[in-house]
Amino acid sequence: MYDFLEREFFEQPTLEVSKNLLGKILLFNQLQGIITETEAYIGYDDPACHAAKGKTKRNQAMFERAGFSYVYMIYGMYFCLNIVTEKKDFPAAVLIRGIKLINVNKILNGPGKLCKELGINKEHNQLDMINNQQFSILNNNVKFPFEATPRIGITKGKENLWRFIVKVK
DNA sequence: GAATAGATCCGC
DNA sequence: CGGATCTATTCA
């Protein structure tokens with residue numbers, strides 16, 4: 001019923017992908033959720049980007065082709081889900097921070113809670129989400145008004161308004 | 001090998 | 001605001 005997003009969608013500039021992902025549907029196994037909050041992490045000049053200083057074992061998924069997943073553990077207890085953007089070997093990704101579950105009246109606000117609830121873990125790192133029936137993004141053909149704010153939880157790069165959140169009224 | 005910071009969350 | 005909890009990365 002919904003279209004799967006093509007790889008070209010994720011090959012756009014990361015800020016554009018971050019905004020355009022709002023309202024799209026995250027599909028993970030049988031669960032679906034409307035994306036309500038995202039953050040952009042972009043390349044070598046973004047001090048908050050995990051890969052700002054180059055490739056490591058943890059961040060290598062960020063160097064994959066656009067449309068791959070980047071899942072990592074944070075604070076010893078939570079996983080965070082990102083979707084890689086732009087060109088292969090350029091480290092950039094969009095952090096999925098919030099979704100509204102479909103068919104269940106539940107809002108998952110926060111990247112750690114979201115992954116815990118869906119069951120996303122390190123096994124789901126560096127997977128291709130294009131043409132993937134279990135783990136992908138669907139086009140909802142809906143646009144929501146949103147606002148841009150500083151990203152959450154970072155110590156460097158706060159001046160960039162690279163967090164995008166659907167405005168609710 | 002040790003130290004430490006970290007894209008979080010919850011409860012007080 | 002602190003504690004939980006742990007790992008990848010950095011430092012010595």
Side-chain angles (χ1 to χ4, degrees), chain A residues 9-24 26 28 31 33-101 104-129 135-137 146-168:
Chain A
F9 177 90
F10 299 99
E11 291 174 333
Q12 304 307 309
T14 305
L15 292 176
E16 295 308 310
V17 179
S18 300
K19 298 171 196 172
N20 291 338
L21 274 176
L22 295 172
K24 299 291 188 292
L26 170 65
F28 185 75
L31 297 167
I34 299 174
I35 296 171
T36 57
E37 187 180 341
T38 61
E39 282 179 3
Y41 290 88
I42 313 174
Y44 302 101
D45 297 326
D46 174 8
C49 175
H50 281 171
K53 292 178 182 168
K55 191 185 280 190
T56 66
K57 187 180 175 185
R58 175 175 70 157
N59 67 31
Q60 59 173 335
M62 292 190 79
F63 293 81
E64 263 294 355
R65 275 183 299 166
F68 271 68
S69 62
Y70 169 42
V71 179
Y72 65 92
M73 168 160 274
I74 190 68
Y75 300 121
M77 7 168 56
Y78 295 104
F79 291 100
C80 291
L81 169 65
N82 299 248
I83 304 174
V84 177
T85 59
E86 306 196 33
K87 296 190 184 71
K88 177 163 165 54
D89 295 322
F90 179 79
V94 177
L95 170 67
I96 308 298
R97 287 192 58 87
I99 63 173
K100 181 179 189 304
L101 287 180
V104 187
N105 185 23
K106 199 170 202 177
I107 290 178
L108 303 177
N109 55 323
K113 286 157 68 176
L114 184 159
C115 286
K116 188 179 176 196
E117 184 83 15
L118 294 184
I120 293 172
N121 59 49
K122 64 182 177 187
E123 316 249 312
H124 308 104
N125 184 35
Q126 211 164 335
L127 299 179
D128 194 354
M129 296 176 71
F135 188 23
S136 56
I137 305 289
F146 64 89
E147 56 187 344
T149 77
R151 291 169 291 178
I152 304 294
I154 56 173
T155 54
K156 290 170 287 188
K158 288 177 176 165
E159 67 282 4
N160 296 316
L161 303 182
W162 288 356
R163 171 177 178 246
F164 305 100
I165 181 162
V166 170
K167 235 183 219 173
V168 285

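Below, chains carry the letters A, B, ... as their sequence lines are ordered, and counting in each starts from 1.
Between A/H124 and A/F28, the distance separating the two ring centers is shorter than 6.0 angstrom.
Of the candidates C/dT9, B/dA7, C/dT10, the closest approach to any side-chain atom of A/K57 belongs to C/dT9. Comparing atom distances between the A/P111 side chain and each of C/dT7, B/dA7, B/dC9 picks out B/dC9 as nearest. With C/dC6, C/dT9, B/dG6 as the choices, the nucleotide that has an atom nearest any side-chain atom of A/M73 turns out to be C/dC6. Side-chain proximity of A/K113 to C/dT9, B/dC9, B/dA7: nearest is B/dC9.
Heavy atoms of A/R151 sit nowhere under 4.0 angstrom from any nucleic acid atom. Residue contacts for A/I152: at a heavy-atom cut-off of 4.0 Å it reaches the sugar-phosphate backbone alone, with no base atom in range. Backbone-only engagement by A/G112 is indicated by non-hydrogen atom pairs under 4.0 Å involving sugar-phosphate atoms exclusively.
Checked against A/H50 for a ring pair (Phe, Tyr, Trp, His ring centres under 6.0 Å), the options A/Y72, A/F63, A/Y44 give a single hit: A/Y72. For the side chain to side chain contact (heavy atoms under 4.5 Å, CB included) test with A/I120, the passing option among A/C115, A/C80, A/P111 is A/C115; the others fail.
Here B/dC10 presents its P atom at 8 Å from CG of A/N109, a figure rounded to the nearest Å. Remark: C1' of B/dG6 and CD1 of A/I74 are 4 Å apart, rounded to the nearest angstrom. When rounded to the nearest whole Å, the span between CZ of A/F164 and P of B/dA7 equals 18 Å. Look at CG on A/L108: it is 11 Å from P on B/dC10, rounded to the nearest Å. Following rounding to the nearest Å, A/F79 (CZ) and B/dC9 (C1') show an atom-to-atom distance of 15 Å. Across the protein-nucleic acid pair, A/Y75 atom OH and B/dT8 atom C1' stand 6 Å apart, rounded to whole Å. Across the protein-nucleic acid pair, A/M62 atom CE and B/dA7 atom P stand 11 Å apart, rounded to whole Å. Rounded to whole angstrom, the span from the CG atom of A/L114 across to the P atom of B/dA7 amounts to 17 Å.
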side-chain hydrogen bond (donor to acceptor under 3.5 Å, both in side chains) evaluation trace for A/K113 with A/N109: CA-CA 7 Å; A/K113 286 157 68 176; A/N109 55 323; 3.0 Å; yes
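Here A/Y41 lies parallel enough and close enough to stack on the base of B/dA7, with planes under 30° and ring centres under 5.5 Å apart.
Under 4.0 angstrom from either OP1 or OP2 of B/dG6 there lies no side-chain N or O belonging to A/R58. Close to B/dA5, at under 4.0 Å from its OP1 or OP2, lies no side-chain N or O of A/K156. Between A/T155 and B/dG6 there is a side-chain polar atom (N or O) within less than 4.0 angstrom of OP1 or OP2.
Between the CG atom of A/D89 and the NZ atom of A/K87 there is a distance of 11.0 Å, given to the nearest 0.5 Å. Separation of atoms CG (A/L95) and SG (A/C49) is listed at 11.5 Å; rounding is to 0.5 Å.
Taking atom P on both C/dG2 and B/dA5, the two are 15 Å apart, rounded to the nearest angstrom. Rounded to whole Å, the P atom of B/dA7 lies 16 Å from the corresponding atom of C/dC11.
For B/dA7, its base sits under 3.5 Å from the side chain of A/Y72 at one donor and acceptor pair at least.
Base pairing of B/dA2: its partner is C/dT10, meeting the Watson-Crick or G-U wobble criterion (both donor-acceptor distances under 3.5 Å).
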